[in-house]
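First up is the structure itself, then whatever we jot down about it.
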Amino acid sequence: MSSILITGGSGFIGRHFCTQAQQLGFQLCVLTRNPEAAAVRLPASVRLIQRLSELEADYAPEVIVNLAGEPLAAGRWTQRRKQRFYDSRINLTDRLYDFCVARGHKPAVVISGSAIGYYGPGDQPVDEHSTAVDGFSHQLCKTWEQSAKRFETLGTRVCYLRTGIVLGEEGALARMLPPFKLALGGPIGSGKQGMSWIHINDMVGAILHCINNPQIGGPVNATAPHPVSNAEFSTCLGVALNRPARLPMPALMVKLLFGEMGEELLLQGQYVLPNKLLVSDFQFQYPDLEQALQQVVAG
Ligand SMILES: NC(=O)c1ccc[n+]([C@@H]2O[C@H](COP(=O)([O-])OP(=O)(O)OC[C@H]3O[C@@H](n4cnc5c(N)ncnc54)[C@H](OP(=O)(O)O)[C@@H]3O)[C@@H](O)[C@H]2O)c1
């Protein structure tokens, strides 16, 4: 397979994916709202388009990697922002599907985003077969997955990446680092909530693994095999930074500052196991949190 159409290619995960995929010889095309900004972040060989209608009639990517989405953790969840979370993910996925149908094109595989928020909160380990607890994150992920599932009617293989907290120089860790560097970090709320994480290199590896392994389909948990509690995560991050990490953030403060977003993304959590990746012999570069954090912090 040689040609990949990517949405969200300019983002944290997308940028790392594009860099790796172009080194492997794939031809890449990124759909972006802002080609000038995307060009600064992506290898020069990546084609940038603003609209699907710019694509030639015979353009037929074998793979679609669909990652675009308004960031969830950037602030409080107002009704307006919630609508943008849906529109940026589901409407775009629907447009991709309509585009393929209109062109009579059947991609071999679609790798589409989702998140571990699919499962809702829980203190017991969950894998791809587990049932979910309802809530805003669950509904958003479920609807996004259903939208991508429509590609199956074309005979396309579809994987939904139920992605954990991706550790790298951007994303959640970048937001945590400033207080932890000042020794102002610590557990959030009870500290007992699960944190299912994955190193950015393994995230990119997991996407490529799903592309290259035709037996994989449906939901795929993109998380490391050893999820930890929030308290353990704080301690590990403190050790990686050589700073104490004992200042707890009370649940009440999280609720006051961040509202529903704080409750679902910070105070609640889940212990997610990457069953499908492990069964299909995916080799994690960073299975353990200590090494993953040491690498990112040193990086
Ligand atoms: N990073 C994580 O820890 C994590 C965890 C779970 C799930 N995910 C999901 O995985 C996907 C990629 O994550 P990421 O961390 O790479 O995200 P990111 O850095 O925020 O990038 C997302 C990309 O989506 C596009 N986008 C943002 N807002 C949009 C909007 N309103 N309409 C259309 N496009 C929009 C942007 O591309 P342009 O500006 O070029 O259009 C942006 O580069 C996201 O959908 C995210 O929800 C990420």
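Read the numbers this way: they start at 1 and go in the same order the structure lists the ligands and their atoms.
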Check: R89 side chain, E70 main-chain N or O, donor-acceptor pair, under 3.5 Å: yes
Residue of the set R81, R76, K82 for which salt bridge (charged side-chain N to carboxylate O under 4.0 Å, His left out) holds with E260: K82
Electrostatic pair E152:K149 at N-O distance under 4.0 angstrom: yes
For Q215, look at atom CD and say whether over 12 heavy atoms of other residues, nucleotides or ligands are found less than 6.0 Å away. yes
Protein residues having a heavy atom less than 4.0 Å from any atom of ligand 1: G8, S10, G11, F12, I13, T32, R33, L67, A68, G69, E70, P71, R84, S88, R89, S114, A115, W144, T163, G164, I165, V166
Carboxylate-amine/guanidinium proximity below 4.0 Å for E169 and R15: yes
Would you call D127 and K276 a salt bridge, taking side-chain N to carboxylate O under 4.0 Å as the test? no
